[in-house]
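Encoded as structure tokens, the structure appears first; notes follow it.
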Protein chains: 2
Amino acid sequence: MNLPPLVQTFVLHFGEMGSRWGINRTVGQIYALLYLSKEPLNAEDIVERLGVSRSNVSMGLKELQAWNLVRLQHKPGDRRDYFSTPDDIWQIVRTLVEERKKREIDPTMTLLREVLMQEPASAEERHAQERMREMHDLFELLTGWYADVQRLDTERLVQLLTLGSKVQKILEMKDRLFVVPGSKKSRRDDPKEK
Amino acid sequence: MNLPPLVQTFVLHFGEMGSRWGINRTVGQIYALLYLSKEPLNAEDIVERLGVSRSNVSMGLKELQAWNLVRLQHKPGDRRDYFSTPDDIWQIVRTLVEERKKREIDPTMTLLREVLMQEPASAEERHAQERMREMHDLFELLTGWYADVQRLDTERLVQLLTLGSKVQKILEMKDRLFVVPGSKKSRRDDPKEK
DNA sequence: CCGATATTTCAGTAAATTCTGAAAGTTCAG
DNA sequence: CTGAACTTTCAGAATTTACTGAAATATCGG
């Protein structure tokens with residue numbers, strides 16, 4: 001591996017972290033390298049810097065492309081493929097979330113919907129379905145929230161995240177301001193709550 | 001594998017999904033089984049239902065315990081260990097997020113802080129550090145948001161998620177209400193923005 | 001179309017992970 | 001203390017995944 005020490009530390013770390021995700025070490029390293037690089041890199045560049053085989057790099061890049069995590073570019077008068085990551089880190093986050101949703105949440109939701117359609121054949125199955133319904137509803141809430149905030153431009157998203165739960169205060173304030181105190185509508189808490 | 005069809009479908013799916021995470025198939029299956037089960041199960045129950053070896057189950061349960069994802073219980077007059085998942089699915093989500101943060105984000109933040117302390121020895125390293133700072137700041141924003149909303153009780157958290165980006169509207173409303181129009185403070189957008 | 005350059009595919013190998021059975025360890029009632 | 005019931009550990013086997021080099025395929029300037 002032929003990298004400045006600072007870069008190498010990061011690349012090795014991401015290689016290891018890759019394993020905690022479904023991603024393998026080399027793919028993690030390639031991505032880390034591209035992320036840190038000012039200029040787009042071609043496959044041979046990556047081979048030299050990481051010290052892995054050409055074919056391994058080829059496969060790794062293919063996987064990163066399948067994840068939409070790298071951009072393929074060309075330089076004039078050079079027919080090699082150059083790869084880079086988006087300059088905007090928020091774009092990276094958005095892609096990551098989008099792709100993980102597509103691969104993990106969506107298929108699970110499909111399965112849950114299917115299984116919830118079936119008639120339970122026993123008390124055990126009935127309880128299992130109940131649990132699956134809880135999971136289904138949870139995922140629905142989370143993906144709904146995601147679909148919603150995902151549309152915000154980055155500035156507003158950052159605003160929202162910076163506020164965190166302080167939003168809660170503002171909500172309460174809103175309630176006090178716009179709802180006639182004591183009226184039914186002002187009761188935000190479920191009355192049957194203990 | 002000796003399970004009602006509906007349960008089996010779910011358990012198999014989670015086994016496969018487990019691989020997309022860092023978790024292996026058996027661990028995913030054990031968890032799915034416990035999640036769906038009304039009653040706590042002991043190791044032998046799990047062996048029978050999943051058809052894997054006793055030692056495999058023992059290791060899987062140990063891993064799930066390390067993740068704080070299962071609760072160990074005992075029945076009076078029975079010295080076998082019984083395992084279950086929390087009844088409250090939100091508790092499960094909280095644990096999952098907490099543990100993943102601990103294993104993935106925290107070590108990465110430590111590394112980023114260390115590397116950002118060092119003096120860059122070249123233009124390449126300077127640019128790499130710049131990128132690492134972006135990642136560092138991103139993670140800081142996200143973990144800050146998480147630390148904040150994580151403290152909310154579930155009811156309020158659900159409220160917040162249900163609102164999604166509609167919060168934005170309320171923020172704007174708040175601005176219009178409480179800031180003198182035309183004053184400096186009412187300018188929320190960065191003036192140098194295009 | 002040719003040949004040079006670049007990329008992809010793939011079969012075989014290497015490495016890592018998962019799983020098992022056997023043995024060792026632990027706990028507790030009697 | 002003993003031994004039955006239960007759990008954990010661990011070395012090796014089985015399986016899966018990652019990686020490589022060689023061959024095949026693609027692309028393009030001339």
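Just so it is clear, the structure is predicted and the values come from calculations on it, not from any experiment. Chain letters run A, B, ... following the sequence lines, proteins first and then strands; every chain starts at 1.
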**OP:** Without swapping roles, check the side chain of A/D45 against the backbone of A/N42 for a donor-acceptor pair under 3.5 Å.
**Re:** yes

Original post:
B/F10 pairs by side chain to side chain contact (heavy atoms under 4.5 Å, CB included) with which of A/V115, A/T108, A/L112?
Top reply: A/L112

Subject >> Counterpart residues, side-chain hydrogen bond (donor to acceptor under 3.5 Å, both in side chains), relative to B/T95 (two or more places apart) >> reply: B/Q91

**OP:** Please assess A/T85 against B/R131 for the test side-chain hydrogen bond (donor to acceptor under 3.5 Å, both in side chains), listing each intermediate value before the final yes or no.
**Re:** CA-CA 11 Å; A/T85 64; B/R131 286 295 257 176; 3.0 Å; yes

**OP:** Taking the side chain as every heavy atom from C-beta outward, state whether B/E130 and B/R126 have any pair of such atoms under 4.5 Å apart.
**Re:** no

**OP:** Tell me, please, which residues at least two apart from A/D148 pass salt bridge (Lys or Arg N to Asp or Glu O under 4.0 Å).
**Re:** A/R151

Subject >> Nucleotide interval of DNA chain C bounded by contacts with chain A (heavy-atom cut-off, under 4.0 Å) >> reply: C/dA4 to C/dC10

**OP:** Extract, from 5' to 3' on DNA chain D, the first and final nucleotides lying under 4.0 angstrom from some heavy atom of chain B.
**Re:** D/dA4 to D/dC10

Subject >> Residues within residues 16-31 of chain A bordering DNA chain D, heavy-atom distance below 4.0 Å >> reply: A/N24, A/R25, A/T26

**OP:** Verify, without hydrogens or angle tests, whether B/S37 (side chain) and B/P40 (backbone) share a donor-acceptor contact under 3.5 angstrom.
**Re:** no

Subject >> End axis versus end axis in the helix from C/dC1-D/dG30 to C/dG30-D/dC1, the angle rounded to 10°, five pairs used at each terminus >> reply: 20°

**OP:** Indicate yes or no: does B/R49 engage A/E124 in a salt bridge with an N to O separation below 4.0 Å.
**Re:** yes

Subject >> Touch class at under 4.0 angstrom, heavy-atom based, for A/R79 against every strand present >> reply: base

Original post:
How would you list, by chain and number, every residue that makes a ring-ring contact (aromatic ring centres under 6.0 Å, His included) with B/Y35, sequence neighbours excluded?
Top reply: none

Subject >> B/N68 and B/E99 side chains, donor-acceptor separation under 3.5 Å >> reply: yes

Subject >> DNA chain D contacts among residues 42-58 of chain B, heavy-atom distance under 4.0 Å >> reply: B/R54, B/S55, B/S58

Subject >> Residues in contact with DNA chain C, drawn from residues 70-77 of chain B - heavy-atom cutoff 4.0 Å >> reply: none

Subject >> Note: B/E98-B/K101 ion pair, threshold 4.0 Å (strictly below) >> reply: no

Original post:
Listed by chain and number, what are the side chain to side chain contact (heavy atoms under 4.5 Å, CB included) partners of A/S58, not counting sequence neighbours?
Top reply: A/R54

**OP:** Could you tell me which residues satisfy side-chain hydrogen bond (donor to acceptor under 3.5 Å, both in side chains) with B/R94, sequence neighbours excluded, listed by chain and number?
**Re:** B/T154

Original post:
Hey, does B/L141 have a side-chain heavy atom less than 4.5 Å from the side chain of B/D137?
Top reply: no

**OP:** Sequence neighbours left out, what passes side-chain hydrogen bond (donor to acceptor under 3.5 Å, both in side chains) with A/T9? Give chain and number order.
**Re:** none

Subject >> Result of checking B/T26, B/L33, B/V52 against B/I46 for side chain to side chain contact (heavy atoms under 4.5 Å, CB included) >> reply: B/L33

